[in-house]
Every structure is written in C-alpha cells, then in structure tokens.
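Structure first, then comments.
Residue numbers start from 1 in every chain, and the chains themselves are labelled A, B, ... in the order their sequence lines are given, proteins ahead of strands. Predicted model only: the values in this text are computed from it and were never measured.
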Protein chains: 2
Amino acid sequence: MNSIPITATRADNPEAPTLARRSFDSIKADIISGQLAQGTKIVESDLALKYGISRGPLREAIHRLEQIKLIVRVPHAGSRVITLDIKMMQDIYSAREALEGMAARLAARLMTDNEIAALSALLDQHADTIIQTEGKAYFQREGDIDFHFRIAVASQNHWILENLHGELYQLIRMCRHQSGQFPARAHTALDQHRQIAEAIARRDEELAELLMRRHISGAWEIVKKILEDQND
Amino acid sequence: MNSIPITATRADNPEAPTLARRSFDSIKADIISGQLAQGTKIVESDLALKYGISRGPLREAIHRLEQIKLIVRVPHAGSRVITLDIKMMQDIYSAREALEGMAARLAARLMTDNEIAALSALLDQHADTIIQTEGKAYFQREGDIDFHFRIAVASQNHWILENLHGELYQLIRMCRHQSGQFPARAHTALDQHRQIAEAIARRDEELAELLMRRHISGAWEIVKKILEDQND
DNA sequence: ACTTGCATAATTGTTGACAATTAATGAATT
DNA sequence: AATTCATTAATTGTCAACAATTATGCAAGT
C-alpha cells in the first residue's frame, strides 16, 4: 500500500506546498484506485500515523475529500470512504450530461479556429492510438477524458470546469477502476467525438449540445448494464 | 455586526452540533449579507477572536466556505472574501441553466401526482402573496427560490440538489443582497413558473426543460444589465 | 530617486495535549 | 434469556503553543 511518509518540504514540490494538500492527493489516489476500499472507516489517528503527519492537516484533507464526495462524514461519529451505488452514478451521469452539454454549446460559441484545429488533431492522434493499442482500454480512457476535458476548458466556464474536473470525473474514474474495466467501445466513442467536434467547427451550438448529451447518456446506458450485472 | 460569541453547547442546537459548523453558518450569513465585504482579508486569529472560538474549528469553517466558493484561499498567503464580477455570475447562471433544466426534465418524469398538485397550490399561494405585498421584492425572492428548490428536490438527483442549494443559490443570494435589490418582475416570473408546472403536469420532459432554461436565461439577461449599469 | 538586501513583524501551517461525545462492554435486574 | 444501566474505552472536537512562510519597513548602496 502506498503509505510513504510525507516528509518532503516546500521547495520539493511547489504544486503541493502544504502537508494537507499532499495527503489529500495521496488519499484521493488511494480511494480512487481502491487501495482504500469503499465503506472503510476512516480513523484520523490511524491515517495520520500512516501518512506520517499529525491530525491537523489530515483533518483538512478529509474535509476536502468530503467536499468532492469521496468521503462521507457525520459529526462525532467519524468518516467513511464513500460506497458507490447505481443511484449515485446515475445522478452523476445526469449532472454530467447537463453540464457537458452546456459546455459543448459554449465551446461551439467560443472556441478559436486554432483550438478547433487542435481538437481535430487530438482526435486524429486518438485514432492512431486505437489502432496501435488494439483496444487496450487504459489509453482509450485517458483519451476520452482528454477530449471531454478540452471541451470543458474551451467552454471558458470556470464553475463547470471545476465541477467536472474536480469532482465528477474523479467519481467516474473511481467507478471505472473498481467495477473492473469497462468495455472497449473505442470506435463508437471516437466517431461520436468526431461528430461533436464537427458541430463545434460549424458553430452549431444546438447540435453540439445535443450530440454531447446523446454521447454521455449512451455511455451511461452501458455503464448501467455493467453495474446491474455485477450486483446479481 | 453579528459577532455573538459562540458558546452554546451540543444540546442547544442539534442541527449544528459543532463549533466549526456554527461559525461556518455565521460567517456564511455575514458574507452573503455583506457584513463581511467582498475582498475582505480574512485573518484567522482575528475572526477566531470575533467568534469566540479557537483557530482550529474556524479553519474548518474557512475551508468549507472555500469549497462553496464564498472565500478564496491561497497557501501561506491567507484567504479573502470572494469578489463577485459579471463573468463569474455569467458562469453561475449558465451552470444553473443546465442543471435546473435537467432537474425540470427529471421532475416531469418522477413527480407524483400529489407533488404536482402541491406545486400548483404553491403557485396559487405565490399569486396571493404578490397581490398582497404589491411587489415587495423580498417575498418574491423567497417565493422564487421556493419554486426552484421544489423542482430540484423533485428531480431526486442528489448531486444536482446539493450543488444548486448548497452553492449556486448562495452566490446568487449574495449577488442580490449586494447589488441592491433586483427589479420586481413578479408577474412574469409567476407566469413562467406556471407554464413550467403545467409542462411537468403533462409529463412533457422536453418542454419542461426548455421552459426552465428559457426562464433562467431570461433572468440572467436582466441581472446582467443591472450589473453592467452599476459598473459605469 | 530607485533598487537591493536584511531584519523584523505578522500570518499561516503544524503539532501534541486535553475535553466532549459516542460506541462497546459487562454486570445487575426483571 | 433479555433488557437496562453504568462503566470503560475509543474516537472526534477543541485548544494553545510552536515552526515555517510570507509580507513589511528600513537602511545602505548605486
């Protein structure tokens, strides 16, 4: 288990200047990867010992994990790692559909021609990767996230970007990691990405939003089936 | 200024069992009402003194306020009360449009007949209130929030409800409080609410979402003009 | 006059101890 | 045997002191 004591100082990593943030990152990774199993009781003193820090900064990390819904906390009773269920994932995918649909609409309005060209190039690159890796799921995952992330950035909507990137994607990643790998529908996804990119290139906001929503709700249908099959 | 030292104990208020939560509520109210002005530097020791608690729980409160975007915090440099600008409000209204549109769609699918009847009754009540108060803005505000809140609850989507109620509405409330009161377009709003409720009653998901989005983007146009006029 | 560098002060980050609350254990009673 | 109640243990909440970092002000040099 990845329980390296966090002893690095400020200068070592300007990105994570504080113990609280470093432990936050570590714990987050452990939860998403499943090394901290769902439903695990979080005992502050234990975790503090494990990560080699005191309870103060660890507490801050826990609070931040609570905010991105990776941990549930009840006053005086402690915290547990979240347990994903179908209902929760359904809620997340619905929210994602709404937000990414809006992001695609805004991207169609705001993207520069250069950005659009870069987006198209990214998809070409994904096509190559798919051929080379022959459906090795991992790279497709990252490619998928790449695409969606770019749309969110291009929307120039800070709130949407933060919530997609900081919260929803984390939960989806966690779900993927722990429900075994999802099936490789790489070609379908790439086709849909291409259609979305083309709608954006045509500045067709309506269509870009529609296609993005269809893309995501389609993904949900597949995820849903997998989750249902697992619970039998 | 509302600087009552927080000395109450657990039994006094089961809803806010911890100093951190009580101070969170207090500070939140102070920020939204403007008693803690936008851009104010937050000094932990000062605030701790003001609220009569130590820095520990106060820090937790600050972290939570950061998460709902009422405070911005930079490591080792401290925190400030957020400063609302037009861009931020635009982002918020766009996100709200997407999420509440989805909520209306889900509500049209999931609401029971009883809930629909209750929603209709609520709107009748609002109509009465409008006549009685003759455009006194405050009650209209709360009525408006009432309606939107019910839709969010009816969507049965926990993520959407949490983000609307816990974060977006807070920022909109803050904007209203501090940009002077918004104009009373009570009758227009009520009409639109009625149309949305009717679409829900007919189980027309598509129309419910469409009308809700139009309602919110219309509201944004008005808010936008007000904010632009103020900055001249 | 402007910049540079150092010394000082102010503020945040971190820690370990203490208090309050909840959960667990087990004895006494019906 | 089951239930209640008190006792104990475990865990979270709170506090005040200490360390690390950043901001401030002043003096010296160019």
Side-chain angles (χ1 to χ4, degrees), chain A residues 3-28 36-37 39-67 70-82, chain B residues 3-28 36-37 39-67 70-82:
Chain A
S3 58
I4 308 162
I6 303 171
T7 52
T9 160
R10 168 99 179 76
D12 293 339
N13 184 4
E15 294 303 309
T18 187
L19 289 184
R21 298 207 172 193
R22 279 201 286 277
S23 55
F24 168 76
D25 289 338
S26 298
I27 301 172
K28 185 173 77 172
L36 249 58
T40 304
K41 175 79 188 295
I42 302 262
V43 179
E44 295 178 359
S45 40
D46 292 358
L47 261 200
L49 198 66
K50 176 178 169 186
Y51 287 98
I53 61 180
S54 77
R55 274 179 61 214
L58 183 90
R59 237 156 172 299
E60 178 178 338
I62 290 180
H63 298 152
R64 294 187 56 187
L65 289 165
E66 182 194 14
Q67 287 299 329
L70 254 38
I71 278 183
V72 290
R73 202 165 71 97
V74 35
H76 295 284
S79 358
R80 316 191 83 93
V81 178
I82 200 177
Chain B
S3 59
I4 308 160
I6 303 170
T7 52
T9 160
R10 170 97 178 78
D12 293 338
N13 183 4
E15 294 302 309
T18 187
L19 288 186
R21 299 207 172 193
R22 280 200 287 276
S23 54
F24 167 76
D25 289 339
S26 298
I27 301 173
K28 185 172 76 171
L36 251 56
T40 304
K41 175 78 189 295
I42 303 261
V43 178
E44 295 179 358
S45 40
D46 291 359
L47 261 199
L49 197 65
K50 175 177 169 185
Y51 288 98
I53 61 179
S54 79
R55 277 179 57 215
L58 182 88
R59 237 156 173 299
E60 178 178 338
I62 290 179
H63 297 152
R64 293 187 58 190
L65 290 165
E66 182 194 13
Q67 288 298 331
L70 254 37
I71 277 182
V72 292
R73 204 165 69 96
V74 35
H76 295 285
S79 355
R80 314 191 85 92
V81 177
I82 200 178

Of the listed dT21(C), dT11(C), dT11(D), the closest approach to the Lys41(A) side chain comes from dT11(D)
Looking only at dT12(C), dT12(D), dG13(C), the nucleotide nearest the Glu44(A) side chain is dT12(D)
Think [X] has a side-chain N or O under 4.0 angstrom from the OP1 or OP2 of [N]?
| X | N | value |
| --- | --- | --- |
| Arg73(B) | dG13(C) | yes |
| Arg59(A) | dG13(D) | yes |
| Thr18(A) | dT14(C) | yes |
| Arg22(B) | dG13(D) | no |

Tell me the interatomic distance from [X], atom [atom1], to [N], atom [atom2], rounded to whole angstroms.
| X | N | atom1 | atom2 | result |
| --- | --- | --- | --- | --- |
| Leu19(B) | dA19(C) | CG | P | 16 Å |
| Asp46(A) | dT12(D) | CG | C1' | 13 Å |
| Tyr51(A) | dG13(C) | OH | P | 21 Å |
| Ile53(A) | dA20(D) | CD1 | P | 16 Å |

Of Ala77(A) and Ala20(A), the one whose closest nucleotide on DNA chain C sits nearer the 5' end is Ala20(A)
Within a strict 4.5 Å, meaning less than it, do heavy atoms of the [X] and [Y] side chains meet?
| X | Y | value |
| --- | --- | --- |
| Leu70(A) | Val81(A) | no |
| Arg21(B) | Thr18(B) | yes |
| Ile71(B) | Arg80(B) | no |

To the nearest 0.5 Å, what is the distance between NE2 (His63(A)) and CD (Glu60(B))?
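Between His63(A) NE2 and Glu60(B) CD, I get 3.5 Å after rounding to 0.5 Å.
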dist Ser54(B):OG -> Leu19(B):CG (nearest 0.5 Å) comes out at 8.0 Å
Margin query: On the side chain of Arg55(B), is there an atom forming a donor-acceptor pair with the base of dG13(C) - under 3.5 Å, no angle test?
Written below: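 Answer yes: a donor N or O sits under 3.5 Å from an acceptor.
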So what does Gly56(A) touch, heavy atoms closer than 4.0 Å: a base, only the sugar-phosphate, or nothing?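 Base contact.
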Would you classify Ile42(B) as touching base, sugar-phosphate or nothing, given that sugar-phosphate means primed atoms plus P, OP1 and OP2, and contacts are heavy atoms under 4.0 Å?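 Contact class for Ile42(B): sugar-phosphate only.
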